[in-house]
Amino acid sequence: MTNDRASGTDRRGFLRTAALLGAAVPLAAAGCSTTDPKAEREGGGTLKRARQDGKITVGFANESPYGYTDKDGRLTGEAPELARVICKELGIGKMDGVSVDFGGLIGGLKAKRFDVIAAGMFVTPERCGEVAFADPEYVAKTAFMVPKGNPKGVHKFEDAARQKLKVGVLTGAVEGDYATRLGVSKGNLKTFPDQPSAFEGLKAGRIDCIALTRISLADLLAKHRGSAFEVTDAFVPVIGGKEQFGAGAFAFRKADTDLVQAFNGKIAELKKSNRLLPVIRPFGFTEAELPGPNDTAARFCKG
Ligand SMILES: CC1=N[C@H](C(=O)O)[C@@H](O)CN1
């Protein structure tokens, strides 16, 4: 992989490359934190290395508008663009991207294929056992893509479960968990590696609906204007009496505590100076999705 390309392997196994990400800027050596040798042994030290190299690698799931390559092959989306702003301010001028299925993000991070997950991944208690999350950059709701007119009246997972409908989700995404916990049988849950294949499944009638964030489905629908589908109103699944808001955040290896802190510092600054929304607004995010003061990673790790 070159320094300024995003690369990955698509689901057919073809290597895909994509031009990247912002011009190099001089290293901001001042204020760099040093990493202790123990942290490096345990897989930390990424912030120091990234500052020295002037480069960091992010993992993304090619889910638009969270993290994807555009028609020119450039890595973009809510999370990569925000990461680009933060990294530049941290003195890391270049960002490479590696594309994997959503379900491969945590494994890829741990295997050091990349240093940060920049895919709008939700903070959940299970995932907090595996990775360290920064504080959320947005909080989003869920929706379904269904045939126009929503003939089966699917507004929440319980509606799909009751009617034994087939629900399409992305591999490794939270919606699969929501669905099964709210009564959809494993046999009626169909996983897809990406949005286009889920859409094909819906079109072919292999599934009755797709469950994802409303933002993701609105983006998918916009790519298929005039199609026979619609996106339902956004809702918040409730499991065991608890509302499941989707708090999206960058994720890091647990040993990279200094990198998490550095990102958190910059996210706090961006929020305080009202600079967060302008970065993510072009991707369909509004004030309604901005995290509140209590929407911390620690809060969502608790569930
Ligand atoms: C950006 C995103 N977040 C959810 C998740 O973290 O599982 C899923 O909706 C998949 N996509």
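Hydrogens, waters and symmetry mates are skipped; everything else that's a heavy atom, side chains included, is used. We count ligands from 1, going down the list as the structure has it; atoms in each ligand are counted the same way.
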With E175 as reference, evaluate V167, L170, L212 under the side-chain contact (heavy atoms from CB on, under 4.5 Å) test and give the passing residue.
L212

What pairs of donor and acceptor atoms, side-chain ones from residues 129-139 against any protein atom, are under 3.5 angstrom apart with sequence neighbours left out?
residue : atom : partner : partner atom : Å
E130    : OE1  : K110    : NZ           : 2.6
D135    : OD1  : A297    : N            : 2.8
Y138    : OH   : G120    : O            : 2.6

Could you tell me which residues satisfy salt bridge (charged side-chain N to carboxylate O under 4.0 Å, His left out) with K266, sequence neighbours excluded, listed by chain and number?
E89, E269

Please output the residues near ligand 1 using a strict heavy-atom distance under 4.0 Å, listed in chain and residue-number order.
E63, Y66, F102, A119, G120, M121, F122, R127, Y138, A173, V174, E175, L212, T213

Nearest 0.5 Å, please: how far is CZ in F114 from CG in D96?
12.5 Å

Given the side-chain rings of F283 and Y66, with only the six-membered ring counted for Trp, is the space between their centroids under 6.0 Å?
no

S227: side-chain contact (heavy atoms from CB on, under 4.5 Å) partners, not counting sequence neighbours
F199, L221, H224, F229

